Amino acid sequence: MDALASVYGGMMAALQPLNLVVLFMGLLVGVLAGALPGISFVNAMALSLPFTYLMSPLVAMAFLGGIYVGGVFGGSICSILLNIPGDPDSVPSCWDGYPLSKKKGSVYALSVAITASAIGGLVSALILTFAAPPFARFALSFDQPEFFAATLLGLVSVLAVCRGKLLVGLISLFTGITLGSVGADPLYGVQRLTFDVPMLENGIDFVVVMIGIFAIGEVLEACSARVGADLRVKDSARMGLLSLRDIWKLRGSISRGTGIGCIIGTIPGGGAAIGALVAYGIERQVNRQGGQFGTGVADGLAAPEASKNATTGTALIPMLTLGIPSSAGSAIMLAALVLHNVQPGPLLFTKQPELLYTIFASFLLANVFMIIVSMAVARGFGLVMKTNPTILYAFILVLSLIGAFAVRNNMADVIVCVGFGIVGYLMQRFQFPTAPLVLGVILGPLAEGYFMTSIANYGTLTVFFTRPVAAVIISVALLFVVWSLLPKRSASEGPMPQQASNG
Amino acid sequence: MNDKAVIRLRIGYAVLALVVAVVLATWFVVPSGSANAAADSFVGPATWPRAMLIGIALCSGLLVLRNVLQYAHAQRARTLTAHPLDEQFDNRKAAIGIALLTLYVVAMPAIGFALATVAFLLVWLPFGGVRKPRVLASVAVLGTIALLYAFVKLTTLPLERGTGVFDSVTVSLYRVLGIY
């Protein structure tokens, strides 16, 4: 009853007009930043951090929380409408989201995405509100070997989209991981694969690769295609929640995605990208329509959508209860709290419960209001997407280059981005899967960092098999590999769909 | 494209991938001496990228083997079906698109983002079939101004201003637009 009373008090405080206005503003900024390729919501949160100094801790958390929740979903709008992920978390949303929008219309695809995201986010916010301490204890049992195992599972999940093209998928994945290791190594600072080129010494940023491969590659492919590559949205791009009947049909994928996202969200370093990827991989394995994934199956969109938004609430659990941020977004929120002299940790529950429960309530509200804000943004996006394709392509290219420049404010990233755009075009042209390469660049440096620090701390490779949690996760990863190597069961498990290969 | 050509193409890619991987794995990670000197344990800075390059080499080798076996099988059974690789794409259009994009990126630091973007749009749009002068001019100029307001004014992104006289031109343009 105490918890319910605290939640009620928090909700009343969160519903104050100023908090609501700021929450809406945060959501709008987040959805817009997430929807524009290259302008990630993490950038938007980082840019907004100085402004939060002028706000009270509660208003600051509502604003940043709005950007976080809205941004994690926002990337899906671009993925579904254009097959270009707004941010790395939305890469799996391309694989079935874009074909689904072509097959059943963008209204339906966007509605599946927003419904699954809202359910995942709400469940996650409820867990944050009512079950933070036990989840925090679970997160505490993770150390570097477990982080490595979780990242490895994310990497291996990529193989789910490569069935039928396993070897080229693996080459693409290993190439991506190798590209991610360009520059100084995470432990000793020794330069690798830089060929004495100064611009490579800081490494290759994954956002630059992602924009190049997906956005520029996609536009070049669309421009050169003789048939059937018009990126324009034909219908209105309005979206709303699915009916209860439709939600019931997707209950399996949404609940599995939500569960996976909630667990991965608590793991430091887990984040929405790994959550979405693992959810897609597992869903493809367990779903009866798994063989058709990549051709526009609603379950293939619902699972990663539910998962990535389910990471948002639980990502705050280790941050608020232990002071350990588990994602870039929660790290910025931690910084905002520290800026206001609020020290996260177990004492926060006893010393400032009002603040804590108001943050929880704001998160619950953010997941509800996200639906309204996303509907407005998607509708605006849909109108833009109806323009002449030549004009659309031109502005996608210009915005992509601005996005690449914005990563580190230098032209070197723009040049690298165009280079990867050409590589992406050639890969799609020759039916080489691009998704494993991009995910290798994203997750490879994380995996290497965790691997090297595990070895440095424990001194042996057996640590990955002697620690129970790490051993279980690595076993699941191995099962994925074995499953990927198995011959096709039936006609339904056909060759890898083109969209998956491209996405 | 006929079956044989597709098979030859596939083998060509696989062999090329293998050669590239082996060359990279052999020479270009880091000199072994410096990697080992930095490492206290059995793993060093080169371990991870080298393992990945070995992975590429292994997969490429398997790909070559599989394609050779498929080729041999196809010679006997003649059942392999061709992939429509070439028919869907216009290589000339792709080459022009890549060239325009490259010129745009080269021009950006020299003449500044604003002028380069207007020029890029004025060339790209007719290439894609937009030829009405009024549409061309309005999209190129108003679109660039909107981008400048969004990214230079609102998010204070230091987009390239160009060098020499172009820097002055860009600054003047920003002053006229009220961005500076």
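Labels below follow one simple rule: chain letters A, B, ... track the order of the sequence lines, proteins then strands, and each chain is numbered from 1. Here the structure is a predicted model, which is why all the values come from computation and not from measurement. What you see below is based on every heavy atom in this structure, not just the backbone, and it leaves out hydrogens, waters and symmetry mates.
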Check whether A:Ile216 gets within reach of chain B through its side chain, its backbone, both or neither, counting any heavy atom under 4.5 Å. side chain

Between A:Leu397 and chain B, which part of the residue has a heavy atom less than 4.5 Å away: side chain, backbone, both or neither? side chain

Nearest 0.5 angstrom please: B:Met52 CE to A:Leu170 CG, how far? 11.0 Å

Nearest 0.5 Å, what's the CG-CZ distance between B:Leu136 and B:Arg134? 12.5 Å

With heavy-atom distances below 4.5 Å as the criterion, would you say the side chains of A:Phe451 and A:Leu152 are in contact? no

Do other residues, nucleotides or ligands put more than 12 heavy atoms under 6.0 Å from A:Asn409 CG? yes

For the backbone of A:Val168 and the side chain of A:Ser172, can you confirm whether one donor and one acceptor N or O come within less than 3.5 Å of each other? no

Please classify the contact of B:Leu159 with chain A as side chain, backbone, both or neither, using a heavy-atom distance under 4.5 Å. both

State, with a plain yes or no, whether a side-chain heavy atom of B:Pro109 is found less than 4.5 Å away from one of B:Glu160. yes

A:Tyr393 to A:Ala222 - nearest heavy-atom pair and separation: OH-CB, 3.6 Å

A:Leu401, part contacting chain B, at a heavy-atom distance under 4.5 Å: side chain

Anything in residues 112-125 of chain B with a heavy-atom distance to chain A below 4.5 Å? Please list those residues in order. B:Phe113, B:Thr117, B:Phe120, B:Leu121, B:Trp124, B:Leu125

Within a strict 4.5 Å, meaning less than it, do heavy atoms of the A:Gln144 and A:Met452 side chains meet? no

Ranked by heavy-atom pairs below 4.5 Å to chain B, first place among A:Val414, A:Val398, A:Leu220 goes to A:Val398

Relative to chain B, which segment of A:Ala447 carries a heavy atom at a distance below 4.5 Å: side chain, backbone, both, or neither? both

Min side-chain heavy-atom separation A:Ile177-A:Leu155 under 4.5 Å: yes

Pick one of side chain, backbone, both or neither for B:Ile96, based on which atoms fall under 4.5 Å of a heavy atom in chain A. neither

Chain A contact residues among residues 167-180 of chain B, heavy-atom distance under 4.5 Å: none

OG-CG distance between A:Ser181 and B:Leu53, expressed to the nearest 0.5 angstrom: 7.5 Å

Value rounded to 0.5 Å, distance of CD1 in A:Ile211 from CD1 in A:Ile396: 12.5 Å

Can A:Phe464 and A:Ile455 be said to form a side chain to side chain contact (heavy atoms under 4.5 Å, CB included), step by step? CA-CA 10 Å; A:Phe464 300 113; A:Ile455 299 298; 4.1 Å; yes

Among A:Thr175, A:Leu187, A:Val182, A:Ile415, which has the most heavy-atom pairs under 4.5 Å with chain B? A:Thr175

A:Cys417 pairs by side chain to side chain contact (heavy atoms under 4.5 Å, CB included) with which of A:Val207, A:Val208, A:Ile204? A:Val208

